[in-house]
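Heads up: the structure comes next, in C-alpha coordinates.
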Protein chains: 2
Amino acid sequence: MVTRRAPPPRPGPCRLCPVRPLALFRPLSEAELDAIATTRSTVRLVRAGEAVLRRGEGANIVLTLFAGWAFAYRVLPDGRRQIGEIFLPGDLIGARGAASDPVEAVTDASLCVLSRVRLRAMLDNQPALAVSFAQLVARSNALLSERLASLGRRDAVQRVGALMLELAARQNAGVPPKDEDVPMPLRQTQLGDALGLSAEHVNRALATLRRERLLTLRSRTLRLHDPAALARLCGWDSAYLSEAPGV
Amino acid sequence: MVTRRAPPPRPGPCRLCPVRPLALFRPLSEAELDAIATTRSTVRLVRAGEAVLRRGEGANIVLTLFAGWAFAYRVLPDGRRQIGEIFLPGDLIGARGAASDPVEAVTDASLCVLSRVRLRAMLDNQPALAVSFAQLVARSNALLSERLASLGRRDAVQRVGALMLELAARQNAGVPPKDEDVPMPLRQTQLGDALGLSAEHVNRALATLRRERLLTLRSRTLRLHDPAALARLCGWDSAYLSEAPGV
DNA sequence: CGTCTTTTTGACTACTGTCAAGCGCTGTGG
DNA sequence: CCACAGCGCTTGACAGTAGTCAAAAAGACG
(Lines give C-alpha, C1' and ligand atoms only; values in the text may rest on other atoms or scores of the structure.)
Protein backbone atom coordinates (compact mmCIF):
# COMPACT_ATOMS: atom_id res chain seq x y z
CA MET A 1 0.00 0.00 0.00
CA VAL A 2 1.15 3.47 -0.84
CA THR A 3 0.77 4.60 2.74
CA ARG A 4 3.52 2.27 3.78
CA ARG A 5 6.11 3.91 1.58
CA ALA A 6 8.58 6.29 3.15
CA PRO A 7 7.19 9.82 3.06
CA PRO A 8 9.05 12.48 1.10
CA PRO A 9 11.63 14.48 3.02
CA ARG A 10 10.18 17.37 4.98
CA PRO A 11 11.67 20.79 4.57
CA GLY A 12 13.76 22.01 7.49
CA PRO A 13 14.76 25.55 8.51
CA CYS A 14 14.68 28.00 5.61
CA ARG A 15 18.23 29.17 6.12
CA LEU A 16 19.48 25.66 5.56
CA CYS A 17 17.13 24.97 2.69
CA PRO A 18 18.98 22.99 0.03
CA VAL A 19 16.75 24.20 -2.78
CA ARG A 20 16.86 27.86 -1.88
CA PRO A 21 19.54 28.69 -4.46
CA LEU A 22 16.96 27.71 -7.09
CA ALA A 23 13.96 29.27 -5.52
CA LEU A 24 12.09 32.46 -4.86
CA PHE A 25 14.04 33.39 -1.77
CA ARG A 26 17.51 33.06 -3.23
CA PRO A 27 18.24 36.80 -3.11
CA LEU A 28 17.54 37.14 0.59
CA SER A 29 20.12 37.38 3.31
CA GLU A 30 20.11 34.93 6.17
CA ALA A 31 18.67 37.56 8.46
CA GLU A 32 15.80 38.28 6.10
CA LEU A 33 15.25 34.59 5.77
CA ASP A 34 14.74 34.16 9.46
CA ALA A 35 11.94 36.66 9.21
CA ILE A 36 10.33 34.55 6.55
CA ALA A 37 10.76 31.33 8.40
CA THR A 38 8.32 32.81 10.87
CA THR A 39 6.01 33.69 8.06
CA ARG A 40 5.99 30.36 6.33
CA SER A 41 2.60 29.05 7.08
CA THR A 42 2.75 25.32 6.51
CA VAL A 43 4.26 22.36 4.83
CA ARG A 44 2.17 20.27 2.52
CA LEU A 45 2.80 16.59 1.87
CA VAL A 46 1.17 15.04 -1.16
CA ARG A 47 1.25 11.51 -2.51
CA ALA A 48 1.90 10.61 -6.11
CA GLY A 49 -1.20 11.24 -8.19
CA GLU A 50 -2.87 13.54 -5.70
CA ALA A 51 -3.71 17.21 -6.13
CA VAL A 52 -1.05 19.70 -5.08
CA LEU A 53 -3.13 22.73 -5.95
CA ARG A 54 -6.79 22.61 -6.86
CA ARG A 55 -8.51 24.79 -9.39
CA GLY A 56 -8.83 28.28 -7.95
CA GLU A 57 -6.89 27.49 -4.83
CA GLY A 58 -4.06 29.51 -6.30
CA ALA A 59 -6.00 32.61 -5.33
CA ASN A 60 -4.98 32.00 -1.74
CA ILE A 61 -1.59 30.35 -1.72
CA VAL A 62 1.69 29.93 -3.51
CA LEU A 63 3.94 26.93 -3.00
CA THR A 64 7.57 26.10 -3.40
CA LEU A 65 8.22 22.53 -4.37
CA PHE A 66 10.74 21.12 -1.93
CA ALA A 67 10.96 17.46 -2.94
CA GLY A 68 9.33 15.42 -5.67
CA TRP A 69 7.85 16.30 -9.06
CA ALA A 70 4.53 17.83 -10.08
CA PHE A 71 2.81 19.30 -13.12
CA ALA A 72 0.13 21.83 -13.98
CA TYR A 73 -2.54 20.74 -16.41
CA ARG A 74 -5.69 21.82 -18.13
CA VAL A 75 -8.61 19.67 -19.13
CA LEU A 76 -10.54 20.57 -22.25
CA PRO A 77 -14.32 20.12 -22.36
CA ASP A 78 -13.94 16.94 -24.40
CA GLY A 79 -11.83 15.41 -21.65
CA ARG A 80 -8.44 15.62 -23.26
CA ARG A 81 -5.70 16.86 -21.00
CA GLN A 82 -2.72 19.09 -21.63
CA ILE A 83 0.14 19.23 -19.18
CA GLY A 84 1.74 22.65 -18.98
CA GLU A 85 4.53 23.39 -16.57
CA ILE A 86 6.48 20.51 -15.11
CA PHE A 87 7.77 21.32 -11.64
CA LEU A 88 11.01 20.09 -10.09
CA PRO A 89 12.39 20.88 -6.64
CA GLY A 90 12.88 24.60 -6.15
CA ASP A 91 10.15 25.57 -8.60
CA LEU A 92 7.41 28.00 -7.71
CA ILE A 93 3.84 26.74 -8.03
CA GLY A 94 0.75 28.91 -8.37
CA ALA A 95 2.45 32.10 -9.49
CA ARG A 96 -0.49 33.01 -11.72
CA GLY A 97 -2.79 33.38 -8.76
CA ALA A 98 -6.46 32.67 -9.22
CA ALA A 99 -5.78 31.90 -12.86
CA SER A 100 -3.38 29.08 -12.00
CA ASP A 101 -4.10 25.68 -13.48
CA PRO A 102 -4.59 22.74 -11.16
CA VAL A 103 -1.40 20.93 -10.18
CA GLU A 104 -0.92 17.23 -9.57
CA ALA A 105 1.98 15.38 -7.94
CA VAL A 106 3.94 12.96 -10.12
CA THR A 107 5.76 11.44 -7.17
CA ASP A 108 5.23 11.83 -3.48
CA ALA A 109 6.09 15.43 -2.83
CA SER A 110 6.57 17.98 -0.09
CA LEU A 111 6.01 21.69 -0.47
CA CYS A 112 6.34 24.91 1.48
CA VAL A 113 3.08 26.82 1.50
CA LEU A 114 2.92 30.61 1.50
CA SER A 115 -0.27 32.54 1.92
CA ARG A 116 -0.73 34.85 -0.99
CA VAL A 117 -1.51 37.90 1.09
CA ARG A 118 1.67 37.40 3.05
CA LEU A 119 3.66 36.89 -0.09
CA ARG A 120 2.15 40.05 -1.48
CA ALA A 121 3.14 41.93 1.64
CA MET A 122 6.67 40.60 1.34
CA LEU A 123 6.91 41.58 -2.30
CA ASP A 124 5.65 45.06 -1.50
CA ASN A 125 8.39 45.47 1.06
CA GLN A 126 11.22 43.71 -0.69
CA PRO A 127 11.61 44.71 -4.29
CA ALA A 128 14.41 42.16 -4.62
CA LEU A 129 11.87 39.51 -3.84
CA ALA A 130 9.44 40.82 -6.43
CA VAL A 131 12.20 40.79 -8.99
CA SER A 132 13.11 37.25 -8.01
CA PHE A 133 9.47 36.33 -8.39
CA ALA A 134 9.33 37.84 -11.85
CA GLN A 135 12.50 36.02 -12.81
CA LEU A 136 11.05 32.69 -11.81
CA VAL A 137 7.94 33.35 -13.86
CA ALA A 138 10.08 34.55 -16.75
CA ARG A 139 12.03 31.33 -16.62
CA SER A 140 8.82 29.39 -16.63
CA ASN A 141 7.84 31.36 -19.72
CA ALA A 142 11.05 30.33 -21.40
CA LEU A 143 10.28 26.69 -20.70
CA LEU A 144 6.75 27.09 -21.99
CA SER A 145 7.97 28.77 -25.17
CA GLU A 146 10.35 25.95 -25.79
CA ARG A 147 7.61 23.40 -25.35
CA LEU A 148 5.37 25.44 -27.58
CA ALA A 149 8.02 25.16 -30.27
CA SER A 150 8.08 21.43 -29.68
CA LEU A 151 4.36 20.96 -30.04
CA GLY A 152 4.19 23.26 -32.99
CA ARG A 153 7.18 22.32 -35.05
CA ARG A 154 8.78 19.07 -33.92
CA ASP A 155 7.67 15.56 -34.79
CA ALA A 156 6.99 12.94 -32.15
CA VAL A 157 10.55 11.62 -31.89
CA GLN A 158 11.99 15.10 -31.58
CA ARG A 159 9.42 16.12 -29.01
CA VAL A 160 10.17 13.19 -26.79
CA GLY A 161 13.91 13.64 -27.21
CA ALA A 162 13.79 17.35 -26.47
CA LEU A 163 11.74 16.84 -23.32
CA MET A 164 14.10 14.15 -22.08
CA LEU A 165 17.03 16.47 -22.68
CA GLU A 166 15.31 19.27 -20.84
CA LEU A 167 14.32 17.24 -17.82
CA ALA A 168 17.73 15.63 -17.60
CA ALA A 169 19.41 19.01 -17.88
CA ARG A 170 17.20 20.58 -15.23
CA GLN A 171 18.32 17.90 -12.83
CA ASN A 172 21.96 18.38 -13.70
CA ALA A 173 22.71 22.09 -13.45
CA GLY A 174 21.50 22.75 -16.96
CA VAL A 175 23.57 20.13 -18.75
CA PRO A 176 22.12 16.81 -19.92
CA PRO A 177 24.52 14.17 -18.55
CA LYS A 178 25.92 11.43 -20.72
CA ASP A 179 25.44 7.81 -19.66
CA GLU A 180 24.27 8.59 -16.18
CA ASP A 181 21.08 7.46 -14.55
CA VAL A 182 18.61 10.31 -14.27
CA PRO A 183 15.27 10.06 -12.47
CA MET A 184 12.34 10.31 -14.88
CA PRO A 185 9.18 9.59 -12.95
CA LEU A 186 6.68 10.67 -15.64
CA ARG A 187 4.56 7.88 -17.07
CA GLN A 188 4.21 7.55 -20.81
CA THR A 189 0.62 8.71 -20.54
CA GLN A 190 1.82 11.85 -18.81
CA LEU A 191 4.58 12.37 -21.34
CA GLY A 192 1.89 12.17 -24.00
CA ASP A 193 -0.24 14.74 -22.21
CA ALA A 194 2.77 17.02 -21.94
CA LEU A 195 3.76 16.62 -25.58
CA GLY A 196 0.41 16.55 -27.30
CA LEU A 197 0.81 12.90 -28.29
CA SER A 198 -1.02 9.70 -27.51
CA ALA A 199 0.65 7.43 -24.99
CA GLU A 200 1.08 4.77 -27.67
CA HIS A 201 2.89 7.16 -29.93
CA VAL A 202 5.18 8.25 -27.12
CA ASN A 203 6.03 4.62 -26.73
CA ARG A 204 6.84 4.27 -30.42
CA ALA A 205 9.02 7.39 -30.29
CA LEU A 206 10.89 6.03 -27.29
CA ALA A 207 11.38 2.75 -29.13
CA THR A 208 12.87 4.62 -32.06
CA LEU A 209 15.25 6.55 -29.83
CA ARG A 210 16.27 3.35 -28.10
CA ARG A 211 16.84 1.63 -31.43
CA GLU A 212 19.06 4.52 -32.49
CA ARG A 213 21.00 4.05 -29.27
CA LEU A 214 20.34 7.61 -28.19
CA LEU A 215 18.63 6.95 -24.90
CA THR A 216 17.08 4.35 -22.65
CA LEU A 217 14.06 4.89 -20.42
CA ARG A 218 13.20 2.03 -18.09
CA SER A 219 11.54 1.83 -14.70
CA ARG A 220 11.46 5.56 -14.09
CA THR A 221 15.11 5.98 -15.02
CA LEU A 222 16.48 7.78 -18.02
CA ARG A 223 19.88 7.34 -19.54
CA LEU A 224 21.15 9.50 -22.38
CA HIS A 225 23.74 7.62 -24.39
CA ASP A 226 24.64 10.47 -26.68
CA PRO A 227 23.16 13.80 -25.60
CA ALA A 228 24.97 15.73 -28.31
CA ALA A 229 23.61 13.58 -31.13
CA LEU A 230 20.17 13.59 -29.56
CA ALA A 231 20.22 17.38 -29.28
CA ARG A 232 21.19 17.60 -32.93
CA LEU A 233 18.40 15.26 -33.95
CA CYS A 234 15.85 17.21 -31.98
CA GLY A 235 17.07 20.68 -32.81
CA TRP A 236 17.53 21.24 -29.11
CA ASP A 237 19.64 23.99 -27.61
CA SER A 238 19.99 24.35 -23.86
CA ALA A 239 20.19 28.15 -23.99
CA TYR A 240 16.61 28.64 -22.88
CA LEU A 241 17.35 26.91 -19.61
CA SER A 242 19.92 29.41 -18.51
CA GLU A 243 19.24 31.29 -15.32
CA ALA A 244 19.63 34.48 -17.34
CA PRO A 245 18.29 37.36 -15.27
CA GLY A 246 14.80 38.25 -16.42
CA VAL A 247 15.45 41.83 -15.46
CA MET B 1 6.66 51.60 -51.30
CA VAL B 2 6.18 50.96 -47.66
CA THR B 3 8.10 54.05 -46.77
CA ARG B 4 5.36 56.19 -48.20
CA ARG B 5 2.74 54.89 -45.84
CA ALA B 6 1.82 57.00 -42.86
CA PRO B 7 4.10 56.16 -39.96
CA PRO B 8 2.60 54.59 -36.83
CA PRO B 9 1.57 57.05 -34.13
CA ARG B 10 4.44 58.17 -31.93
CA PRO B 11 4.02 57.94 -28.20
CA GLY B 12 3.53 61.28 -26.49
CA PRO B 13 4.04 62.26 -22.85
CA CYS B 14 3.85 59.31 -20.49
CA ARG B 15 1.20 60.89 -18.30
CA LEU B 16 -1.15 61.05 -21.25
CA CYS B 17 -0.24 57.60 -22.53
CA PRO B 18 -3.39 55.88 -23.77
CA VAL B 19 -2.01 52.37 -23.28
CA ARG B 20 -0.70 52.96 -19.78
CA PRO B 21 -3.73 51.34 -18.10
CA LEU B 22 -2.62 48.09 -19.78
CA ALA B 23 1.06 48.42 -19.25
CA LEU B 24 3.92 48.20 -16.84
CA PHE B 25 3.47 51.67 -15.47
CA ARG B 26 -0.22 51.44 -14.71
CA PRO B 27 0.26 51.55 -10.92
CA LEU B 28 2.22 54.78 -10.90
CA SER B 29 0.90 58.17 -9.95
CA GLU B 30 1.20 61.07 -12.35
CA ALA B 31 4.03 62.52 -10.32
CA GLU B 32 6.00 59.31 -10.42
CA LEU B 33 5.31 59.12 -14.11
CA ASP B 34 6.90 62.46 -14.74
CA ALA B 35 10.07 61.11 -13.23
CA ILE B 36 9.99 58.24 -15.66
CA ALA B 37 9.29 60.35 -18.66
CA THR B 38 12.73 61.76 -18.07
CA THR B 39 14.11 58.28 -17.85
CA ARG B 40 12.56 56.90 -20.98
CA SER B 41 15.44 56.56 -23.29
CA THR B 42 14.00 56.38 -26.77
CA VAL B 43 11.16 55.58 -29.05
CA ARG B 44 11.59 52.92 -31.69
CA LEU B 45 9.67 52.87 -34.96
CA VAL B 46 9.59 49.65 -36.90
CA ARG B 47 7.97 48.75 -40.19
CA ALA B 48 5.85 45.70 -40.79
CA GLY B 49 8.09 42.67 -41.16
CA GLU B 50 11.14 44.22 -39.59
CA ALA B 51 12.88 43.19 -36.39
CA VAL B 52 11.66 44.79 -33.18
CA LEU B 53 14.15 42.99 -30.98
CA ARG B 54 17.05 40.97 -32.29
CA ARG B 55 18.37 37.81 -30.79
CA GLY B 56 20.23 38.66 -27.59
CA GLU B 57 19.34 42.32 -27.70
CA GLY B 58 16.94 41.65 -24.87
CA ALA B 59 19.94 41.62 -22.55
CA ASN B 60 20.07 45.40 -22.78
CA ILE B 61 16.57 46.71 -23.29
CA VAL B 62 12.91 46.15 -22.61
CA LEU B 63 10.18 47.66 -24.73
CA THR B 64 6.56 48.57 -24.33
CA LEU B 65 4.56 48.22 -27.49
CA PHE B 66 2.74 51.48 -28.05
CA ALA B 67 1.07 50.97 -31.41
CA GLY B 68 0.94 48.05 -33.83
CA TRP B 69 1.35 44.30 -33.41
CA ALA B 70 4.43 42.11 -33.04
CA PHE B 71 5.37 38.55 -32.19
CA ALA B 72 8.25 36.60 -30.69
CA TYR B 73 9.42 33.57 -32.60
CA ARG B 74 11.96 30.82 -32.65
CA VAL B 75 13.52 29.17 -35.69
CA LEU B 76 14.45 25.51 -35.51
CA PRO B 77 17.59 24.25 -37.22
CA ASP B 78 15.53 22.79 -40.06
CA GLY B 79 14.12 26.23 -40.79
CA ARG B 80 10.65 25.77 -39.43
CA ARG B 81 9.40 28.64 -37.32
CA GLN B 82 7.27 28.78 -34.20
CA ILE B 83 5.64 31.98 -33.11
CA GLY B 84 5.36 32.33 -29.34
CA GLU B 85 3.97 35.42 -27.72
CA ILE B 86 1.83 37.75 -29.80
CA PHE B 87 2.13 41.34 -28.65
CA LEU B 88 -0.60 43.98 -28.77
CA PRO B 89 -0.39 47.59 -27.65
CA GLY B 90 0.50 47.86 -23.98
CA ASP B 91 2.37 44.57 -23.90
CA LEU B 92 5.85 44.29 -22.51
CA ILE B 93 8.50 42.92 -24.85
CA GLY B 94 11.78 41.37 -23.80
CA ALA B 95 10.90 40.55 -20.21
CA ARG B 96 12.94 37.35 -20.36
CA GLY B 97 16.14 39.31 -20.76
CA ALA B 98 19.02 37.79 -22.66
CA ALA B 99 16.96 34.66 -23.17
CA SER B 100 14.25 36.55 -25.05
CA ASP B 101 13.36 35.27 -28.48
CA PRO B 102 13.67 37.61 -31.43
CA VAL B 103 10.61 39.77 -32.08
CA GLU B 104 9.23 40.88 -35.42
CA ALA B 105 6.64 43.53 -36.23
CA VAL B 106 3.41 42.38 -37.85
CA THR B 107 2.33 45.88 -38.72
CA ASP B 108 4.21 49.13 -38.58
CA ALA B 109 4.78 49.66 -34.90
CA SER B 110 6.08 52.15 -32.38
CA LEU B 111 7.59 51.24 -29.05
CA CYS B 112 8.96 52.87 -25.93
CA VAL B 113 12.45 51.63 -25.17
CA LEU B 114 13.73 51.21 -21.64
CA SER B 115 17.28 50.38 -20.84
CA ARG B 116 17.41 47.29 -18.74
CA VAL B 117 19.68 48.71 -16.09
CA ARG B 118 17.38 51.68 -15.65
CA LEU B 119 14.37 49.45 -15.45
CA ARG B 120 16.12 47.40 -12.87
CA ALA B 121 16.87 50.50 -10.84
CA MET B 122 13.26 51.59 -11.06
CA LEU B 123 12.01 48.20 -9.96
CA ASP B 124 14.35 48.23 -7.01
CA ASN B 125 13.02 51.60 -5.91
CA GLN B 126 9.34 51.19 -6.67
CA PRO B 127 7.91 47.98 -5.29
CA ALA B 128 4.59 48.70 -7.01
CA LEU B 129 6.43 48.69 -10.30
CA ALA B 130 8.18 45.45 -9.50
CA VAL B 131 4.85 43.84 -8.70
CA SER B 132 3.32 45.22 -11.89
CA PHE B 133 6.23 43.77 -13.82
CA ALA B 134 5.71 40.38 -12.22
CA GLN B 135 2.02 40.52 -13.07
CA LEU B 136 2.69 41.22 -16.71
CA VAL B 137 5.07 38.30 -16.89
CA ALA B 138 2.50 36.09 -15.17
CA ARG B 139 -0.15 37.11 -17.66
CA SER B 140 2.14 36.22 -20.52
CA ASN B 141 2.58 32.88 -18.83
CA ALA B 142 -1.18 32.34 -18.88
CA LEU B 143 -1.39 33.13 -22.58
CA LEU B 144 1.44 30.72 -23.36
CA SER B 145 -0.21 27.95 -21.35
CA GLU B 146 -3.43 28.41 -23.23
CA ARG B 147 -1.69 28.21 -26.56
CA LEU B 148 0.20 25.16 -25.41
CA ALA B 149 -3.14 23.52 -24.74
CA SER B 150 -4.22 24.50 -28.22
CA LEU B 151 -1.22 23.00 -29.95
CA GLY B 152 -1.34 19.89 -27.83
CA ARG B 153 -5.00 19.05 -27.69
CA ARG B 154 -7.06 20.99 -30.19
CA ASP B 155 -7.51 20.19 -33.84
CA ALA B 156 -6.85 22.71 -36.58
CA VAL B 157 -10.32 24.27 -36.61
CA GLN B 158 -10.38 24.64 -32.86
CA ARG B 159 -6.90 26.13 -32.79
CA VAL B 160 -7.74 28.77 -35.33
CA GLY B 161 -11.04 29.54 -33.63
CA ALA B 162 -9.49 29.80 -30.19
CA LEU B 163 -6.77 32.14 -31.40
CA MET B 164 -9.29 34.36 -33.15
CA LEU B 165 -11.35 34.50 -29.97
CA GLU B 166 -8.29 35.38 -27.92
CA LEU B 167 -7.03 38.10 -30.21
CA ALA B 168 -10.48 39.59 -30.59
CA ALA B 169 -10.98 39.51 -26.83
CA ARG B 170 -7.64 41.12 -26.14
CA GLN B 171 -8.64 44.02 -28.31
CA ASN B 172 -12.00 44.35 -26.63
CA ALA B 173 -11.38 44.44 -22.88
CA GLY B 174 -11.33 40.67 -22.62
CA VAL B 175 -14.60 39.95 -24.37
CA PRO B 176 -14.79 38.72 -27.97
CA PRO B 177 -17.26 41.09 -29.66
CA LYS B 178 -20.14 39.79 -31.75
CA ASP B 179 -20.48 40.99 -35.33
CA GLU B 180 -18.00 43.80 -35.02
CA ASP B 181 -14.98 44.42 -37.19
CA VAL B 182 -11.80 43.56 -35.34
CA PRO B 183 -8.31 44.19 -36.73
CA MET B 184 -6.49 40.94 -37.45
CA PRO B 185 -3.25 41.79 -39.22
CA LEU B 186 -1.64 38.34 -39.02
CA ARG B 187 -1.17 36.59 -42.36
CA GLN B 188 -2.24 33.00 -42.73
CA THR B 189 1.40 31.95 -42.85
CA GLN B 190 1.93 33.66 -39.50
CA LEU B 191 -1.21 32.12 -38.06
CA GLY B 192 0.19 28.76 -39.11
CA ASP B 193 3.51 29.49 -37.44
CA ALA B 194 1.68 30.48 -34.28
CA LEU B 195 -0.58 27.45 -34.29
CA GLY B 196 1.77 24.73 -35.48
CA LEU B 197 -0.10 24.32 -38.76
CA SER B 198 0.75 24.80 -42.41
CA ALA B 199 -0.59 27.95 -44.01
CA GLU B 200 -2.72 25.84 -46.33
CA HIS B 201 -4.32 24.06 -43.44
CA VAL B 202 -5.04 27.33 -41.68
CA ASN B 203 -6.82 28.38 -44.80
CA ARG B 204 -8.91 25.21 -44.81
CA ALA B 205 -9.78 25.71 -41.16
CA LEU B 206 -10.84 29.28 -41.83
CA ALA B 207 -12.96 28.06 -44.72
CA THR B 208 -14.68 25.59 -42.41
CA LEU B 209 -15.39 28.27 -39.84
CA ARG B 210 -16.72 30.56 -42.52
CA ARG B 211 -18.90 27.79 -43.90
CA GLU B 212 -20.30 27.21 -40.41
CA ARG B 213 -21.08 30.93 -40.25
CA LEU B 214 -18.98 31.36 -37.13
CA LEU B 215 -16.55 33.96 -38.38
CA THR B 216 -15.24 35.84 -41.38
CA LEU B 217 -11.65 36.88 -41.91
CA ARG B 218 -11.00 39.08 -44.92
CA SER B 219 -8.44 41.75 -45.70
CA ARG B 220 -6.96 41.89 -42.22
CA THR B 221 -10.36 42.17 -40.59
CA LEU B 222 -12.03 39.59 -38.40
CA ARG B 223 -15.69 39.33 -37.64
CA LEU B 224 -17.10 36.87 -35.16
CA HIS B 225 -20.66 36.03 -36.03
CA ASP B 226 -21.33 33.87 -33.02
CA PRO B 227 -18.60 34.07 -30.41
CA ALA B 228 -20.50 31.90 -27.94
CA ALA B 229 -20.97 29.04 -30.38
CA LEU B 230 -17.38 29.38 -31.54
CA ALA B 231 -16.11 29.26 -27.98
CA ARG B 232 -18.15 26.12 -27.39
CA LEU B 233 -16.80 24.50 -30.52
CA CYS B 234 -13.23 25.32 -29.58
CA GLY B 235 -13.49 24.55 -25.88
CA TRP B 236 -12.45 28.12 -25.24
CA ASP B 237 -12.92 29.92 -21.96
CA SER B 238 -11.84 33.51 -21.54
CA ALA B 239 -10.86 33.04 -17.90
CA TYR B 240 -7.15 32.88 -18.64
CA LEU B 241 -7.25 36.38 -20.09
CA SER B 242 -8.44 37.99 -16.92
CA GLU B 243 -6.20 40.59 -15.40
CA ALA B 244 -6.29 38.47 -12.26
CA PRO B 245 -3.45 39.62 -10.06
CA GLY B 246 -0.53 37.25 -10.45
CA VAL B 247 0.45 38.08 -6.92
C1' DC C 1 -2.00 47.83 -65.98
C1' DG C 2 1.86 44.65 -64.58
C1' DT C 3 4.20 42.48 -60.64
C1' DC C 4 4.44 40.41 -56.35
C1' DT C 5 2.29 38.69 -52.31
C1' DT C 6 -1.39 36.29 -50.23
C1' DT C 7 -5.20 33.30 -50.45
C1' DT C 8 -7.59 29.23 -52.28
C1' DT C 9 -8.19 24.69 -54.07
C1' DG C 10 -6.87 19.95 -55.31
C1' DA C 11 -4.29 15.59 -55.24
C1' DC C 12 -1.45 12.80 -52.84
C1' DT C 13 1.54 11.48 -48.86
C1' DA C 14 2.70 10.71 -44.22
C1' DC C 15 2.45 11.21 -39.47
C1' DT C 16 -0.24 10.40 -35.51
C1' DG C 17 -4.48 8.69 -33.25
C1' DT C 18 -7.58 4.94 -32.10
C1' DC C 19 -8.77 0.41 -31.00
C1' DA C 20 -7.46 -4.03 -29.54
C1' DA C 21 -4.75 -7.44 -27.55
C1' DG C 22 -0.72 -9.39 -25.26
C1' DC C 23 3.20 -8.81 -22.07
C1' DG C 24 5.52 -7.70 -17.81
C1' DC C 25 6.66 -5.71 -13.74
C1' DT C 26 5.19 -4.61 -8.88
C1' DG C 27 3.03 -5.23 -5.00
C1' DT C 28 -0.67 -8.04 -2.48
C1' DG C 29 -2.57 -11.87 -0.33
C1' DG C 30 -2.52 -16.72 0.40
C1' DC D 1 7.56 -18.39 -1.35
C1' DC D 2 4.30 -18.34 -4.92
C1' DA D 3 -0.15 -17.13 -7.41
C1' DC D 4 -2.81 -13.20 -8.62
C1' DA D 5 -4.42 -8.58 -9.63
C1' DG D 6 -3.46 -4.10 -11.72
C1' DC D 7 -1.33 -0.82 -13.98
C1' DG D 8 1.81 0.41 -17.31
C1' DC D 9 4.27 -0.76 -21.39
C1' DT D 10 4.44 -2.84 -26.24
C1' DT D 11 2.97 -3.98 -30.61
C1' DG D 12 -0.09 -4.33 -34.68
C1' DA D 13 -3.78 -2.94 -37.89
C1' DC D 14 -6.38 0.58 -39.58
C1' DA D 15 -8.44 5.36 -39.81
C1' DG D 16 -8.09 10.21 -39.93
C1' DT D 17 -5.94 14.64 -39.63
C1' DA D 18 -2.56 17.54 -41.33
C1' DG D 19 1.59 18.33 -44.43
C1' DT D 20 3.52 18.83 -49.07
C1' DC D 21 3.58 20.07 -53.71
C1' DA D 22 1.56 22.42 -57.46
C1' DA D 23 -1.10 25.79 -59.68
C1' DA D 24 -4.61 29.12 -60.20
C1' DA D 25 -7.31 33.06 -58.40
C1' DA D 26 -7.53 37.25 -55.92
C1' DG D 27 -5.68 41.31 -53.92
C1' DA D 28 -2.23 44.94 -52.94
C1' DC D 29 1.02 48.19 -54.62
C1' DG D 30 3.46 50.97 -57.56
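We name chains A, B, ... by the order of the sequence lines, and we start the count at 1 in each one. No experiment lies behind these values; they were computed from the predicted model shown. Both backbone and side-chain heavy atoms feed into the values below; hydrogens, waters and symmetry mates do not.
Phosphate contact (OP1/OP2 of dC9(D), side-chain N/O of R220(A), threshold under 4.0 Å): present. In this structure, N203(B) does not reach the dT7(C) phosphate: none of its side-chain N or O atoms is under 4.0 Å from OP1 or OP2. Here Q188(A) reaches the OP1 or OP2 of dT10(D): one of its side-chain N or O atoms lies under 4.0 Å away.
Here dC15(C) presents its C1' atom at 12 Å from CD of Q158(A), a figure rounded to the nearest Å. One atom, CG of L206(A), and another, P of dG8(D), lie 16 Å apart when rounded to the nearest Å. To the nearest angstrom, P of dC9(D) lies 13 Å from CE of M184(A). Atom CZ in R218(B) sits roughly 7 Å away from atom P in dG27(D) (whole-Å rounding). Taking atom NE2 of residue H201(A) and atom P of nucleotide dG8(D), one finds them 21 Å apart after rounding to whole Å. Across the protein-nucleic acid pair, L217(B) atom CG and dG27(D) atom P stand 13 Å apart, rounded to whole Å. Note: CZ (R80(A)) to C1' (dT18(C)) measures 12 Å, nearest angstrom. Rounding to whole angstrom units, CG of residue D108(B) and P of dC29(D) are separated by 11 Å.
The pair D91(A)-R170(A) meets the salt-bridge criterion, since a charged nitrogen lies less than 4.0 angstrom from a carboxylate oxygen. By the 4.0 Å N-to-carboxylate-O rule, D101(A) lies close enough to R74(A) to be salt-bridged with it.
For D155(A), counting side-chain heavy atoms from C-beta on, the closest listed nucleotide (dC9(D), dT11(D), dT16(C)) is dT16(C).
Counting distance only, with no hydrogens placed and no angle test, the side-chain atoms of R204(B) and the base atoms of dT20(D) include a donor-acceptor pair under 3.5 Å.
Both E200(A) and R154(A) sit near DNA chain C, but only R154(A) has its closest nucleotide nearer the 5' end.
R210(A) comes within contact range of the sugar-phosphate backbone alone, with a heavy-atom separation under 4.0 Å but no base atom that close. Looking at heavy-atom distances under 4.0 Å, G196(B) makes contact with sugar-phosphate atoms alone, never a base. Within the 4.0 angstrom heavy-atom criterion, only backbone atoms of the sugar-phosphate kind lie near L197(B); the bases stay farther away. Within 4.0 Å (heavy atoms only), R159(A) reaches no atom of the nucleic acid at all.
No more than 12 heavy atoms of other residues, nucleotides or ligands sit less than 6.0 Å from atom CZ of R10(A).
The two atoms that bring V19(B) and L65(B) nearest to each other are CG2-O, 4.3 Å, heavy atoms only.
Rounded to the nearest 0.5 Å, atoms OG (S242(B)) and CG (D237(B)) are 9.5 Å apart.
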